[in-house]
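Here's the structure we're looking at; comments come further down.
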There are 2 protein chains.
Amino acid sequence: MVDYDFFLAELKRILKEKGLKFTRQRELIFKTLYENDGHFSPEELNMVIQRENPDVKIGIATIYRTLSLLEEAGLAESLSLDKQSKRYEMGLKKHHDHLICTECGKIIEFYDETIEKQQEIVAKSFGFRMKGHSMKITGVCRECILAKESKKRLNPQAQEKN
Amino acid sequence: MVDYDFFLAELKRILKEKGLKFTRQRELIFKTLYENDGHFSPEELNMVIQRENPDVKIGIATIYRTLSLLEEAGLAESLSLDKQSKRYEMGLKKHHDHLICTECGKIIEFYDETIEKQQEIVAKSFGFRMKGHSMKITGVCRECILAKESKKRLNPQAQEKN
DNA sequence: CTTGATGCAAAATATTTGCATGCTC
DNA sequence: GAGCATGCAAATATTTTGCATCAAG
């Protein structure tokens, strides 16, 4: 967990720089985001934290405030993967993008060097100093394609309902 | 406006295919999305429609329902450009991605062939049948970089406040 | 005429804010 | 000790839903 210590130091540095305080709550939110790879909504994040730290009580408002802070500092990233609320993930960790299946909702993370590099080039060409980026590709995953096909084979007449 | 007629036909085709109806409201929402290049929140879209069509009354619920429908059909795209609500734009028009300045909020649209192609390649490599994608790059735009620098030059001691 | 669509208002969610109090620094 | 941070609850904002009525096919 050498990485974590590094990120934690980074968080502390940024907080100090802004004259903000390093609190138990901020640490817990940051740590939970780091340790869990998922994509959490503020509400879910709160539940995970409660479950793993029954002794601490964090209000949902603090979760929101901290996530905004972390995002602004570039330490967390907010994604809009689903229709509902925002989801957050650790920002500094190895960056990745998302493939989302519109049929089953599965999320696959990927990293592609060519895309990463090209983004830098594009940003530069507009005079931007790039801070971050996110991209998602939506589509139908292999399993859902297969499932659809076999359904069609079994019952060729069936109209697809919505 | 040859494009619009084409898209409109596409909308009608999809509606018929799903056994849904082509209504004045759906047409207006679709048309407004087409004619205005901006990125609208449902609320804003509603206001624009009201302003340009004072004779028609559209409930906000219809806006939401229609936008979801259009998005599902691949005719509109929802973006999460800012912290607040979702924003929608026409999906079928020439595709583009977004550069967003985190300082001034400016949104620049761009299109990059290399990125587009690479996305297809990535999707394919995971067995995905790609339906759409969206990417945003966040950063600081040229103007804001310059503004910051000149501020620093004028007042080197100033601490950056949040 | 049948069935889906709409507007309205209420309900459900999601997010932000004010404020008294508690904790870092 | 000073001032930011927190929890709580209330306030907002956003999105969805139920239902009577309307309108497209």
Side-chain angles (χ1 to χ4, degrees), chain A residues 8-9 11-30 32 39-47 49-50 53-73 76 78-88 159 161-162, chain B residues 8-9 11-30 32 39-47 49-50 53-73 76 78-88 159 161-162:
Chain A
L8 189 61
L11 171 61
K12 288 183 179 172
R13 188 184 67 68
I14 291 175
L15 288 176
K16 182 165 295 180
E17 186 178 290
K18 296 195 176 192
L20 304 178
K21 288 166 183 172
F22 180 71
T23 63
R24 182 104 178 84
Q25 287 87 338
R26 286 177 177 165
E27 180 181 15
L28 265 181
I29 293 169
F30 187 71
T32 305
H39 310 97
F40 295 115
S41 69
E43 194 60 64
E44 286 167 353
L45 188 57
N46 194 20
M47 291 199 301
I49 294 175
Q50 295 306 293
N53 310 75
D55 49 315
V56 207
K57 176 74 189 158
I58 301 193
I60 189 69
T62 297
I63 303 271
Y64 275 98
R65 287 187 279 229
T66 301
L67 286 174
S68 293
L69 184 153
L70 291 177
E71 183 171 28
E72 234 177 296
S78 81
L79 315 161
S80 301
L81 300 176
D82 57 11
K83 238 177 141 30
Q84 293 299 57
S85 70
K86 277 206 168 146
R87 286 166 178 287
Y88 288 80
Q159 287 297 312
K161 274 275 182 64
N162 211 343
Chain B
L8 189 61
L11 171 61
K12 288 183 178 171
R13 188 185 66 68
I14 291 176
L15 288 175
K16 183 165 292 180
E17 187 179 289
K18 297 194 177 193
L20 305 178
K21 289 166 181 171
F22 179 71
T23 64
R24 182 104 177 85
Q25 287 87 337
R26 285 178 178 166
E27 180 181 15
L28 265 180
I29 293 168
F30 187 70
T32 305
H39 310 97
F40 295 116
S41 69
E43 195 61 62
E44 287 167 353
L45 188 57
N46 194 19
M47 292 198 302
I49 293 175
Q50 296 305 295
N53 310 74
D55 50 315
V56 207
K57 175 74 190 154
I58 301 192
I60 189 69
T62 298
I63 303 271
Y64 275 99
R65 285 186 281 230
T66 302
L67 286 174
S68 293
L69 184 154
L70 291 178
E71 182 171 28
E72 236 178 293
S78 80
L79 315 161
S80 301
L81 300 178
D82 58 10
K83 237 178 141 31
Q84 291 300 56
S85 70
K86 279 208 166 144
R87 291 170 175 284
Y88 288 80
Q159 285 299 310
K161 273 274 183 65
N162 208 347

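A note on names: the letters A, B, ... follow the listed sequences, proteins ahead of strands, and every chain is numbered from 1.
- One finds the CG atom of B/Leu28 at 4.5 Å from the CG atom of B/Asn53 (value rounded to the nearest 0.5 Å).
- The CG atom of A/Leu28 sits 13 Å away from the C1' atom of D/dT6 (whole-angstrom rounding).
- Between A/Glu43 atom CD and C/dA12 atom C1' the separation is 13 Å, expressed in whole Å.
- For the pair A/Glu27 CD and D/dC4 C1', the interatomic distance rounds to 18 Å; values are reported in whole Å.
- For D/dT6, the OP1/OP2 oxygens have a side-chain nitrogen or oxygen of A/Thr23 closer than 4.0 Å.
- A/His39 and A/Glu44 make their closest contact through O-OE1, 3.7 Å (heavy atoms, listed as atom of the first residue, atom of the second, distance).
- A/Arg26 has a side-chain polar atom (N or O) that falls below the 4.0 Å cut-off from OP1 or OP2 of D/dA5.
- The residue B/Ile58 sits close only to the backbone: its heavy atoms come under 4.0 Å of sugar-phosphate atoms, none of a base.
- The 5' end of DNA chain C is approached more closely, in terms of each residue's nearest nucleotide, by B/Leu15 than by the other of B/Ala61 and B/Leu15.
- Distances shown here put every side-chain N or O of B/Gln25 at or beyond 4.0 Å from the OP1 or OP2 atom of D/dA23.
- When the side-chain nitrogen and oxygen atoms of B/Tyr64 are compared with OP1 and OP2 of D/dT16, none of them lie within a distance under 4.0 Å.
- With rounding to whole Å, B/Lys12 atom NZ is found 9 Å from D/dG25 atom P.
- Rounded to an integer number of Å, the gap from B/Ile14 CD1 to C/dG4 C1' is 18 Å.
- Between A/Leu11 atom CG and D/dA5 atom P the separation is 12 Å, expressed in whole Å.
- Counting distance only, with no hydrogens placed and no angle test, the side-chain atoms of B/Lys21 and the base atoms of C/dT3 include a donor-acceptor pair under 3.5 Å.
- Here the side chains of A/Ile58 and A/Thr66 are not in contact, with every heavy-atom distance at 4.5 Å or above.
- Taking atom CD of B/Glu72 as the reference point, atom P of D/dT16 lies 12 Å away to the nearest angstrom.
- Axis angle between the ends of the helix from C/dC1-D/dG25 to C/dC25-D/dG1, five pairs each and rounded to 10 degrees, works out to 50°.
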Chi angles and distances behind the side-chain hydrogen bond (donor to acceptor under 3.5 Å, both in side chains) call for A/Glu71, A/Ser78: CA-CA 7 Å; A/Glu71 183 171 28; A/Ser78 81; 2.8 Å; yes

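- Within the 4.5 Å cutoff, the side chain of B/Leu8 has heavy atoms near those of the B/Phe22 side chain.
- No hydrogens or angles were tested; on distance alone, a donor-acceptor pair under 3.5 Å links the side chain of B/Arg65 to the base of C/dG7.
- Counting all heavy atoms, side chain and backbone alike, B/Leu45 lies closest to B/Leu67 at CD2-CD2, 3.9 Å.
- When the nucleotides C/dC25, C/dT6, D/dG25 are ranked by their closest atom to the side chain of A/Phe22, C/dC25 comes out on top.
- Taking atom CD of A/Gln50 as the reference point, atom P of D/dT6 lies 14 Å away to the nearest angstrom.
- Residue whose closest nucleotide on DNA chain D sits further toward the 5' end, between B/Ile60 and B/Arg24: B/Ile60.
- Contact annotation: the side chain of A/Leu69 approaches that of A/Arg26 to within less than 4.5 Å [non-hydrogen atoms, C-beta and beyond].
- A 4.5 Å side-chain heavy-atom check between A/Arg13 and A/Glu17 finds at least one atom pair inside the cut-off.
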